[in-house]
Amino acid sequence: VQLQASGGGVVQAGGSLRLSCAVSGRTFTTYTIGWFRQTPGKEREFVAVVSRGSGNAFYGESIMKDRFSVSRVNADNYGNAVDLNIFDLKPEDTAVYYCAASVATYYANTGVDDRRNYDIWGQGTQVTVSS
């Protein structure tokens, strides 16, 4: 599987962004696709995940569900995508956002927030929120 993250940029606080992770090479029944973010000097933080098969969404504890929305979409004839929509952006959302794929099986979402469980990572897309 290959992952390609896109959609980052410089946005004013209060704005919105749609990040997209293009997934090619396998179907959604094979991988759980997650989003993480990282700022310099900090560990990579779990943001959200779409579980394989069902497509159910799960969010990190520090993530406000009213501002973040993750979903699976059919991107085009060549593959699929997992989109992360971020609303009412705040300066603290500034980070490099990564999407990643995991082949592990999760029960009750236990472990989906652990970056060590993800096997394949995209290259990351920078989100900068100006105040």
Side-chain angles (χ1 to χ4, degrees):
V1 67
Q2 291 182 327
L3 307 175
Q4 181 75 31
S6 62
V10 179
V11 184
Q12 283 192 337
S16 301
L17 273 179
R18 180 174 67 91
L19 308 182
S20 186
C21 178
V23 183
S24 61
R26 290 290 186 272
T27 68
F28 285 127
T29 58
T30 305
Y31 290 96
T32 290
I33 305 297
W35 281 96
F36 292 76
R37 65 184 182 183
Q38 188 171 24
T39 55
K42 294 189 177 181
E43 292 190 352
R44 201 162 289 188
E45 177 190 24
F46 171 70
V47 177
V49 70
V50 175
S51 61
R52 65 182 184 185
S54 68
N56 291 333
F58 178 73
Y59 299 89
E61 287 184 357
S62 64
I63 300 301
M64 298 182 68
K65 298 181 184 63
D66 60 343
R67 296 203 300 114
F68 289 77
S69 176
V70 66
S71 61
R72 224 160 52 183
V73 295
N74 291 323
D76 52 37
N77 291 333
Y78 300 99
N80 299 289
V82 175
D83 285 355
L84 179 69
N85 287 282
I86 314 174
F87 309 100
D88 188 23
L89 279 154
K90 302 182 182 302
E92 53 263 39
D93 295 321
T94 294
V96 178
Y97 285 73
Y98 297 90
C99 59
S102 172
V103 298
T105 298
Y106 298 99
Y107 298 98
N109 293 312
T110 301
V112 295
D113 57 347
D114 189 340
R115 66 187 185 280
R116 296 170 295 180
N117 290 330
Y118 288 79
D119 310 285
I120 301 166
W121 291 82
Q123 85 286 5
T125 185
Q126 175 72 48
V127 172
T128 302
V129 184
S130 61
S131 57

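Only heavy atoms go into these numbers, but all of them, side chains included; no hydrogens, no water, no symmetry mates.
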[X] side chain near [Y] side chain, heavy-atom distance below 4.5 Å:
X    : Y    : answer
V103 : Y31  : yes
D119 : S102 : yes
V23  : L3   : yes

Closest heavy-atom contact between [X] and [Y]?
X    : Y    : value
A5   : Q123 : O-NE2, 2.9 Å
Y118 : V112 : OH-O, 2.6 Å
F87  : D66  : CD1-O, 4.4 Å
K65  : Y59  : CG-CD1, 4.0 Å
R115 : W121 : O-CZ2, 3.6 Å
D88  : D93  : O-OD2, 4.4 Å

- Kindly say whether the aromatic ring centers of F58 and Y106 come within a distance under 6.0 Å. no
- Task: Hey, could you give me each pair passing salt bridge (charged side-chain N to carboxylate O under 4.0 Å, His left out) that has a residue in residues 10-23? Not counting sequence neighbours.
- Result: R18-D83
Are [Y] and [X] co-members of a hydrophobic cluster defined by side-chain heavy atoms under 4.5 Å apart?
X    : Y   : result
V129 : I63 : yes
Y98  : L84 : no
I120 : F46 : no
V49  : W35 : no

- Task: Would you check, one step at a time, whether the test side-chain contact (heavy atoms from CB on, under 4.5 Å) holds for V10 with Q126?
- Result: CA-CA 8 Å; V10 179; Q126 175 72 48; over 6 Å; no
Euclidean distance, [Y] [atom2] relative to [X] [atom1], rounded to 0.5 Å:
X    : Y   : atom1 : atom2 : result
R37  : T94 : CZ    : OG1   : 9.0 Å
Q4   : C99 : CD    : SG    : 8.0 Å
E45  : Y97 : CD    : OH    : 8.0 Å
N109 : T32 : CG    : OG1   : 8.5 Å
D113 : F36 : CG    : CZ    : 7.0 Å
Q12  : L89 : CD    : CG    : 11.0 Å

- Task: Sort out for me which residue in I86, V70, V82 forms a side-chain contact (heavy atoms from CB on, under 4.5 Å) with L19.
- Result: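 The single option meeting the side-chain contact (heavy atoms from CB on, under 4.5 Å) with L19 is I86.
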